[in-house]
Amino acid sequence: MTTSTPAPDTTRPVTTASDRRADLPPRREHASRSSVWFTLLRHHLRLLRGGATAWILALTGISVGVVATFEDRYTTQAELDAFADLEGVPAFEAMLGRLVGLNTLEGGVLSRWGMFGILAAVWGMFAAVRLLRGAEEVGHLEQLRAGAITPRALLSSVVAALLATHLVLAVAIGVTHSAAGMDPATAWALGGAAGLLTACFAAAGTLASQLVSTRRRAVGIVGAALGISLGLRLIAAAGGTPDWVWWTTPLGWLGFLHEIDAAQLTVLGAYAVLLVVLLAAAFVLAHRDLHAGFLGSSDDTPRGAVRPIRGQASLARRLTLASSRTWGAVIGLLALTFGLLARDFSEAVADLPTMVELADAVGWLAIDTAEGIVAYTFTIIALLLAVFAVGQAVAIREEEASWRIEHLMVRPLSRTTWLATRIVHSLAAMVALALVAGVGAWAGTAIVGTPVSFVDALAAGLNTVSVAWLAFGLGIALVGVVPRLTAPLSYGLVLAAYLLDFVGGMLELPEAVLELSPFAHLASVPVVEMNLTATGVSLAVAALGIVVGLVAFRRRDLQEA
Amino acid sequence: MASTKVPVVRFDETTKKFGSLVALDRLSLDIDQGEIVGLLGPNGAGKTTTLRTLLGLMRPTSGRALINGVAAWDDPVTALAQVAYIPGDVAVWPQLTGGQILDLLGGVSGGIDEGYREQLIERFAFDPSKKGRSYSKGNRQKIAVIAALSTRAPLLVMDEPTSGLDPLMEATFQACLREAKQRGQTILLSSHILSEVEAVCDRVAVLRQGVLVEHGTLADLRHLHAHTVEATYVGTPPQLEGIPGVQDVQIADGAIRLQVAGSTDALIKALAAAEVPSIQLREPSLDELFHAYYEDDATERASA
């Protein structure tokens with residue numbers, strides 16, 4: 001038997017508030033503000049690490065590929081001069097930005113950044129919105145804001161992490177491009193400009209994340225800003241527009257980086273000023289309620305009649321439609337723009353036989369005809385559709401990762417039915433988007449009076465469906481087999497396949513390796529007929545992926561994020 | 001026709017492993033129609049895994065989890081047609097309104113009692129016109145509660161259903177549970193709120209580290225456990241050494257407090273030998289019962 005004092009609880013003396021205070025453990029020393037800030041910086045860097053590495057490798061890789069292969073591609077002075085004839089041609093400057101010194105290595109590389117710059121802007125924008133509004137929307141920022149840190153200091157830690165990744169991009173480009181033989185001053189100016197351009201769009205994403213209360217709307221705002229920048233570049237490219245119009249759009253500034261213009265510091269300065277202005281605005285607006293946006297939200301007052309959602313098919317339709325509309329608008333407008341430019345493009349190229357031969361060699365057939373330009377357009381549309389397709393697979397996974405799927409799976413609904421319903425809607429959306437692109441390209445060419453036949457344009461659209469379905473099929477297989485890796489693996493596969501096709505040719509990789517990319521098998525419809533064998537193989541692999549996904553999803557545990 | 005009644009819920013040696021971790025270890029438990037069973041246990045004991053395995057969200061590593069004789073893993077459409085589930089952590093579609101989500105869940109459930117749903121929306125003071133993203137945790141919980149109850153499913157499965165609800169709404173929820181009980185619905189409820197379990201459950205199952213350690217009516221459980229004895233004495237303290245079943249004895253300032261398990265006969269005789277003006281024998285509250293389980297668990301974890 002054991003006896004013990006103290007007395008039972010009832011006899012315990014009453015404690016006073018001051019006694020209790022004295023009982024508290026000594027107050028933990030406050031972590032210094034800077035240590036909290038650096039902890040957050042490390043946290044955000046960790047979140048950015050994977051994506052940033054992929055983007056930096058991809059952007060630096062494709063660009064340095066251009067540097068490394070430039071001399072092999074343009075071996076004679078005649079070829080270089082032919083390339084230089086593109087300077088001032090509106091259709092080309094609309095696509096690539098202001099073209100200068102194309103008969104030099106630097107000019108050739110800088111011209112590609114008219115396209116690469118758009119990719120960098122997209123990266124900057126998505127990374128910032130994901131880390132800020134995205135994290136806030138799903139509740140991750142709440143705990144961080146509850147820490148010993150002000151909202152603006154928290155924002156500054158995110159911005160610092162983002163800028164660090166852009167700095168790495170700048171240095172990577174500077175080092176690799178000068179090592180590969182580019183003029184060092186231009187190489188570092190390009191690196192700086194690429195980093196700053198990415199930073200500017202990240203800053204726009206940062207600002208948009210303060211303005212609106214959802215990730216989707218924030219992306220919409222920056223996407224619109226990117227669209228306007230591209231539109232201004234189109235205006236600047238049009239014949240007869242004064243040169244200063246290029247300065248109205250950050251996508252135009254890259255065109256002044258060639259040493260011929262002696263404006264490298266001005267360009268870097270312009271980006272720096274834009275960056276500071278955008279960030280300052282974001283910081284002003286950052287001291288606000290959690291989950292609120294400066295522009296308010298319409299969450300409380302859904303306007304008009306709310307459309308009923310009566311079942312899972314109705315839900316699948318609603319969720320698929322939401323993203324399809326945006327993508328449809330982007331893809332349709334892109335196809336329309338290329339259609340509008342098709343005549344100018346083809347006519348300009350018709351005077352440059354070397355150019356036509358070069359394009360022919362990399363598989364862009366007959367680009368001296370409107371059909372050829374439309375066919376080229378659809379190589380880009382195919383990539384966008386494949387990205388959309390993968391996005392659909394990732395969205396399906398997201399229903400499970402967010403655990404919303406639990407609501408449906410605890411009701412009398414089989415997993416196979418649920419997944420199959422989502423799959424059918426997504427497949428249909430891809431066909432619809434391909435047709436929208438076809439109609440857009442047809443309308444564009446018809447407006448400028450060099451119509452590609454309506455049937456040909458639709459065929460060009462439908463030709464891309466097999467690649468999109470293939471990407472989607474692989475995505476669904478990943479959803480079934482390795483759900484948590486769906487997003488990185490599927491996006492990675494699409495990017496790798498496209499880069500293999502895009503850069504592989506320049507790097508003169510063996511044919512067997514190049515042919516691994518489904519994009520390499522995409523026929524230049526409407527210049528030539530659809531490649532039925534390749535289409536058949538793609539569809540078969542897509543079907544296999546879907547079956548694997550359905551079976552594996554049926555047989556495994558549901559997995560949260 | 002054989003009259004062997006199929007239990008509404010049957011866990012038959014159900015085991016669930018995640019890699020080397022055994023989350024659920026040969027759980028066997030039957031629940032008959034109209035019974036209300038509380039599932040208790042500390043965090044990580046395997047309560048949610050138990051429910052998710054039953055609902056077919058996870059596949060048992062071995063054994064079976066059956067609803068009316070059907071495994072939801074094998075045939076969710078049949079098994080889950082009779083079930084409504086309330087999760088403890090409710091995720092909703094941010095872009096849909098509360099009303100749309102309720103319609104959706106009603107549609108997927110295969111039909112609901114619309115009138116009852118309207119009544120529930122009113123009783124839980126839920127505003128279905130807002131977007132999913134703007135709901136607080138409590139309001140998201142209400143969506144799941146309303147969607148589940150409005151199906152009037154014969155079996156209700158709940159995983160800490162009142163987490164996030166305020167005390168008024170908790171009371172409303174308990175009233176709904178009592179109504180469900182009166183209607184003869186079967187309920188399997190995992191909860192940390194012992195008063196909730198005590199108020200509505202007929203039987204309790206206690207999980208610890210994936211093992212069913214205790215199972216029975218509340219009365220059964222109490223009998224299995226030590227009673228608390230509080231007495232006062234005058235003069236010489238009673239001699240309590242060596243009495244079987246007596247433990248945790250505290251003697252001071254004329255007061256005795258101890259625990260006794262099993263027969264109290266020897267203890268009462270020993271106390272009677274001294275001058276004991278007052279004595280109180282109390283069966284353990286559910287709270288005390290579970291503190292005992294939880295503390296054992298914490299001790300084991302600490303020693304591990």
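Chain letters run A, B, ... following the sequence lines, proteins first, then strands; residues in each count from 1.
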- Do A:Asp557 and B:Arg59 sit within salt-bridge range, that is, some charged N less than 4.0 Å from a carboxylate O? no
- Query: With a 4.5 angstrom heavy-atom cut-off, which part of A:Gln559 approaches chain B: side chain, backbone, both or neither?
  - Reply: neither
- Option in B:Val83, B:Leu96, B:Leu258 with maximal non-hydrogen atom pairs under 4.5 Å from chain A: B:Leu96
- What residue in A:Met409, A:Gln312, A:His407 has the most heavy-atom pairs under 4.5 Å with chain B? A:His407
- Output all residues satisfying side chain to side chain contact (heavy atoms under 4.5 Å, CB included) with A:Ala313, sequence neighbours left out; order by chain, then residue number. A:Thr421
- State, with a plain yes or no, whether a side-chain heavy atom of B:Ile86 is found less than 4.5 Å away from one of B:Leu156. no
- Item | chain B contact via A:Ser314 - which portion, at a heavy-atom distance below 4.5 Å | neither
- Query: In terms of heavy-atom proximity below 4.5 Å to chain A, should B:Gln95 be classed as side chain, backbone, both, or neither?
  - Reply: both
- Message: If we count only N and O atoms by modelled type, under 3.5 Å, do the side chains of B:Ser278 and B:Thr232 hold a donor and an acceptor together?
- Response: yes
- Message: Can you confirm whether A:Tyr491 is buried at OH, in the sense that more than 12 heavy atoms of other residues, nucleotides or ligands lie under 6.0 Å from that atom?
- Response: yes
- Item | Pick from A:Arg216, A:Glu406, A:Arg411, A:Arg318 with the largest number of heavy-atom pairs that fall under 4.5 Å of chain B | A:Arg411
- Message: Under a 4.0 Å threshold between the charged nitrogen and the carboxylate oxygen, would B:Lys142 count as salt-bridged to B:Asp127?
- Response: no
- Side chain, backbone, both or neither: which part of A:Arg556 has an atom under 4.5 Å from a heavy atom of chain B? backbone
- Can you check whether anything in residues 319-328 of chain A gets within less than 4.5 Å of chain B, heavy-atom wise, and list it by number? A:Leu319
- Step by step, would you call A:Arg133 with A:Val212 a side-chain contact (heavy atoms from CB on, under 4.5 Å)? CA-CA 8 Å; A:Arg133 185 48 76 175; A:Val212 289; 5.5 Å; no
- Query: Can B:Arg52 and A:Glu560 be counted as an ion pair, charged N to O under 4.0 angstrom?
  - Reply: yes
- Query: More than 12 non-hydrogen atoms from neighbouring residues, nucleotides or ligands closer than 6.0 Å to CZ on A:Arg554, yes or no?
  - Reply: yes
- Message: Taking side chain as everything from C-beta outward and backbone as N, CA, C, O, which of these in B:Ala153 sits under 4.5 Å from a heavy atom of chain A? Side chain, backbone, both or neither.
- Response: neither
- Query: Tell me, do B:Lys47 and B:Glu160 make a side-chain contact under 4.5 Å, heavy atoms counted?
  - Reply: yes
- Under a 4.5 Å heavy-atom cutoff, which of B:Gly106, B:Ala81, B:Ser109, B:Pro76 has the most pairs with chain A? B:Ser109
- Query: What part of B:Tyr135 lies closer than 4.5 angstrom to a heavy atom of chain A: side chain, backbone, both or neither?
  - Reply: neither
- Item | Exam field: side chain B:Thr15 to backbone B:Asp25, donor-acceptor pair closer than 3.5 Å | no
